[in-house]
Amino acid sequence: MFPDLDTPAARAAAILKEIRAVSAGHVAGYGEIARRAGMPGRARLVAQVLRKYGAPDLPWYRILRSDGSIAFPAGSSSYREQGQRLRAEGVRVVKGRVVGLKATASVDEQIWGPA
DNA sequence: AGCCTGACAAGGT
DNA sequence: AACCTTGCCAGGC
């Protein structure tokens, strides 16, 4: 059978694939990644996968909350690194929130690109 | 099986 | 925009 989403590892793989699909200068929401991976409503699983399966080459910093804000506690080292990495790609970040990007898909989908 | 946790989301104030 | 409350659901114990 084709590798379905019936095992934690398979779900993680599908999620990681969608995260890698977000190109530089773009950002996406946890929920949108979940939907694209075939798991609508499982934003929290995306977060869990990022925490557990973090890899050096994974663009984890392009994943934000549905309102465009950074999910880490303000001031934490991860929070600072995420902001720094995003700005390095030309994304404007003000007080922990991405601004100035426009929706690439429909208004309801949390994926944004350069304005 | 049950309970708690969490890099979340949506809706209301 | 900022908060708070509810709903959510896989994972880990």
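Residue numbering restarts at 1 for every chain, and letters A, B, ... go by the order of the sequence lines. Values in this document were obtained by computation on a predicted structure and should not be read as measured data.
Of the two residues contacting DNA chain C, namely A:Lys52 and A:Gly41, the nearest-nucleotide position lying further toward the 5' end is that of A:Gly41.
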Return all side-chain donor-acceptor pairs below 3.5 angstrom for residues 28-40 of chain A, not counting sequence neighbours, or 'none' if the list is empty.
unit_1  : atom_1 : unit_2   : atom_2 : d
A:Glu32 : OE1    : A:Arg35  : NE     : 3.1
A:Glu32 : OE1    : A:Arg35  : NH2    : 2.8
A:Glu32 : OE2    : A:Arg36  : NE     : 3.3
A:Arg35 : NH2    : A:Gln110 : OE1    : 3.1

Got a list of side-chain donor-acceptor pairs under 3.5 Å for residues 80-89 of chain A, not counting sequence neighbours?
unit_1  : atom_1 : unit_2  : atom_2 : d
A:Arg80 : NH1    : A:Gly75 : O      : 2.3
A:Glu81 : OE2    : A:Arg85 : NE     : 2.9
A:Glu81 : OE2    : A:Arg85 : NH2    : 3.4
A:Gln82 : NE2    : A:Tyr61 : O      : 2.9
A:Gln82 : NE2    : A:Ile63 : O      : 3.1
A:Arg87 : NH1    : A:Val93 : O      : 3.0
A:Glu89 : OE1    : A:Gly25 : N      : 3.1
A:Glu89 : OE1    : A:Arg62 : NE     : 3.1
A:Glu89 : OE2    : A:Tyr61 : OH     : 3.0
A:Glu89 : OE2    : A:Arg62 : NE     : 3.3
A:Glu89 : OE2    : A:Arg62 : NH2    : 2.6

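Contacts of A:Ser77 classified as side-chain hydrogen bond (donor to acceptor under 3.5 Å, both in side chains), with partners at least two apart in sequence or in another chain: none. Under the side-chain contact (heavy atoms from CB on, under 4.5 Å) criterion, A:Ala13 pairs with no residue at all, not counting sequence neighbours. Residues satisfying the salt bridge (charged side-chain N to carboxylate O under 4.0 Å, His left out) test with A:Arg97, not counting sequence neighbours, are A:Asp67. Residues that satisfy the side-chain contact (heavy atoms from CB on, under 4.5 Å) test with A:Tyr53, not counting sequence neighbours, are A:Ala12, A:Leu16, A:Val49.
Pairs engaging residues 42-59 of chain A under the salt bridge (charged side-chain N to carboxylate O under 4.0 Å, His left out) rule: A:Arg20-A:Asp57 [sequence neighbours left out].
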Under-3.5 Å N/O pairs linking protein and nucleotides 5-12 of chain B:
unit_1 : atom_1 : unit_2  : atom_2 : d
B:dG6  : N9     : A:Arg44 : NH2    : 3.2
B:dG6  : N7     : A:Arg44 : NH2    : 3.3
B:dG6  : N3     : A:Arg44 : NE     : 3.4
B:dA7  : OP1    : A:Arg51 : NE     : 3.1
B:dA7  : N3     : A:Tyr30 : OH     : 2.9
B:dC8  : OP1    : A:Arg65 : NE     : 2.9
B:dC8  : OP1    : A:Arg65 : NH2    : 3.4
B:dC8  : N3     : A:Arg44 : NH1    : 3.1
B:dC8  : N4     : A:Arg44 : NH1    : 2.7
B:dC8  : N4     : A:Arg44 : NH2    : 3.4
B:dA9  : OP1    : A:Gly31 : N      : 3.3
B:dA9  : OP1    : A:Ser66 : N      : 3.4
B:dA9  : OP2    : A:Ser66 : N      : 2.9

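In summary, contact between chain A and DNA chain C, defined as any nucleotide atom under 4.0 Å from a heavy atom of the protein, begins and ends at C:dA1 to C:dG12 in the 5' to 3' direction.
Considering only heavy atoms from C-beta on, A:Ile19 comes within 4.5 Å of A:Pro59 through its side chain.
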